[in-house]
Amino acid sequence: AASEYLGAYKAPHARANRARRALCSVAQPVSMSVVADLGPNGVPSTRFGQFVRIQSQLHTGRKWTEVHEINAGMAGTLVWVRARKYQGRASSKKLCFVTLRQQFSTVQCVVAAGGEIPVEMSQFVAGVPNESVVDVLAKVSVPGQPISGCTQSDVELTVEAFFVVSKSEPKLPLQVLDASRSQQEIDEAEQKDPTKKMVRIAIDTRLDNRMIDLRTPANQSIMKINGAVGQFFREFLTQQGFTEIHSPKIIAGASEGGAAVFKLNYMRLGPACLAQSPQLYKQMGVCTDLRKVFEVGPVFRAENSTTNRHLCEYTGLDYEMAFQDHYSEVLDVTSGLFGHIFDNLKEKLGPELEAIRRQYPFEDLLYTNPMKRLTHKEAVDMLHDWGTKAMPPLRKETPAWMIEYLEDHVMRESLESDEEEPPQTLTPLTDEQRKEMGPYKDKWVTVLQCAKMGYMDDFTTPQEKQLGRIMHD
């Protein structure tokens, strides 16, 4: 391996890569004691290598810096960082660039051979497989140009020492970089260069290798926001005098009506069920004179859905309270609760929201705090007025056959709900007509349903969304 390494610089690119990986694989294990015995300049005498397995036998005394904490104000200081090698490239035998990732924060490192940095160190770093856990001692510097590919774009780390803590397999089922791309990025890259096929990670591959897939910035952020919602839920209700309870999840019978319940054998006592809801126990809690209770816990429902997203198991956020005079007291708490959660997500988890937006674009949530309240009649009138006004311009730009078909579709739904004789079915659409109508169908159905609100007793989901848009406008 060493002889191949020595001749690698003039060899083809593939041979050079093999040589770097070989150098990394044959590197002698390094004791962690080398980083506990630092020289006068704060740098260990051994500059690179792979640590022996950590066995909690030594306190090195190193002071760690989180990647997200590194900023231009720290220029000139030495920092120890433990992170994953996200990606890297060797520009020459003496120069290597590496990106470190810690959760969804990234920073660029430079390994430049010369002086006390040996050439072998640059090649060793280049050969470390992506996703390996590494310890890096580096000096913070400010680059001439911002580094657009990293979250810490205003700084760069000049590496003084580089150690592998846990080496990854050279070939992984998926690369985090590939799993982090948005669909828009993939489409734009392929449009720019039709001969270039971007890697697309299938959902089965993601789920089979979930430990790696969850390392993407978007998934890391989703996990953080998921936990934060529960935290803010608890925080607000506790401030309002609520008591958190923990109800049983294995119970004697179904907690709600219907057959959507998971059953199991409870040892010698016979059949039991997984709880579909903490409803009964919340009501019991209120009746014990606790008066205000809440729970954050798992809910199980045996709903055999035909979609690829099931409600069989999820985390429920439930609260129950007694009110003094009017149920509007419950609405007051609900309004304050959602406002508290949404405000804190926007204020405290802005970087996480942006990380998700980069891979899965979305519009900002529109809401008021306190929440706007409408009576059922006010909501019906608003939708009816909007639907009536929206119809004329849509009729002008839409083919007559499409209007006739959609009106018949909505009218049939209304007549069926009133148990009247539905009209005769229209002539089936051709494939071309069905394709043409696709983008308009949901919008038209919503418009026509709103215009005919007199026939409707309840709101559909599109109507609820449209009501939100009307209130915003």
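Just so you know, residue 1 is the first one in the sequence shown, and it goes up from there.
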Practice prompt. Kindly compute the distance separating SG (Cys450) from CD (Gln466), expressed to the nearest 0.5 Å.
Written response: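 Between Cys450 SG and Gln466 CD, I get 6.5 Å after rounding to 0.5 Å.
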Fill in: Rounded distance [0.5 Å steps], OG in Ser166 versus CD in Glu131
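Interatomic distance, Ser166 OG to Glu131 CD, rounded to 0.5 Å: 11.0 Å.
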Fill in: Validation row, ring centre Phe342 to ring centre Phe338 under 6.0 Å
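Yes, the ring of Phe342 comes within the 6.0 Å limit of the ring of Phe338, centre to centre.
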Discussion item. Taking the six-membered ring for Trp, are Phe294 and Phe233 closer than 6.0 Å centroid to centroid?
Written reply: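 So the answer is yes for these two rings.
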Worksheet item: Cut-off 3.5 Å, side chains only: do Glu295 and Ser247 have a donor facing an acceptor?
Response: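 Glu295 vs Ser247: donor-acceptor pair found between side chains.
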Worksheet entry | Any side-chain donor near an acceptor of the partner, Ser91 and Arg89, under 3.5 Å |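 Side chains of Ser91 and Arg89: pair found under 3.5 Å.
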Item to complete: Give me the ring orientation class for His340 and Phe232: parallel if the planes are under 30° apart, tilted from 30 to 60°, perpendicular past 60°.
Response: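 Ring orientation, 0 to 90° scale: perpendicular.
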Practice prompt. For Met284, look at atom CE and say whether over 12 heavy atoms of other residues, nucleotides or ligands are found less than 6.0 Å away.
Written response: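 Result for CE/Met284: open.
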Item to complete: Kindly check if the number of other-residue, nucleotide or ligand heavy atoms within 6.0 Å of CG (Asp193) is above 12?
Response: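 Count over threshold, so yes.
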Is a side-chain donor or acceptor of [X] paired with a backbone partner of [Y] at a separation under 3.5 angstrom?
{"X": "Arg301", "Y": "Gln276", "result": "yes"}
{"X": "Glu188", "Y": "Glu185", "result": "no"}
{"X": "Arg357", "Y": "Phe362", "result": "yes"}
{"X": "Glu190", "Y": "Asp187", "result": "no"}

Practice prompt. Take Lys348 and Asp343 through the test salt bridge (charged side-chain N to carboxylate O under 4.0 Å, His left out) and record every step on the way to the result.
Written response: CA-CA 8 Å; Lys348 298 179 180 178; Asp343 286 348; over 6 Å; no
Discussion item. Does any part of the side chain of Val125, heavy atoms only, come nearer than 4.5 Å to the side chain of Val159, both counted from C-beta?
Written reply: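 Result no, sub-4.5 Å side-chain heavy-atom pair not found.
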Discussion item. As a quick check of understanding, evaluate salt bridge (charged side-chain N to carboxylate O under 4.0 Å, His left out) for Asp364 and Lys346, giving each step before the final call.
Written reply: CA-CA 9 Å; Asp364 288 332; Lys346 186 167 62 174; over 6 Å; no
Worksheet entry | Non-hydrogen atoms of Ser182 and Arg358 that approach each other most closely |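 Closest approach of Ser182 to Arg358: CB-O, 3.3 Å.
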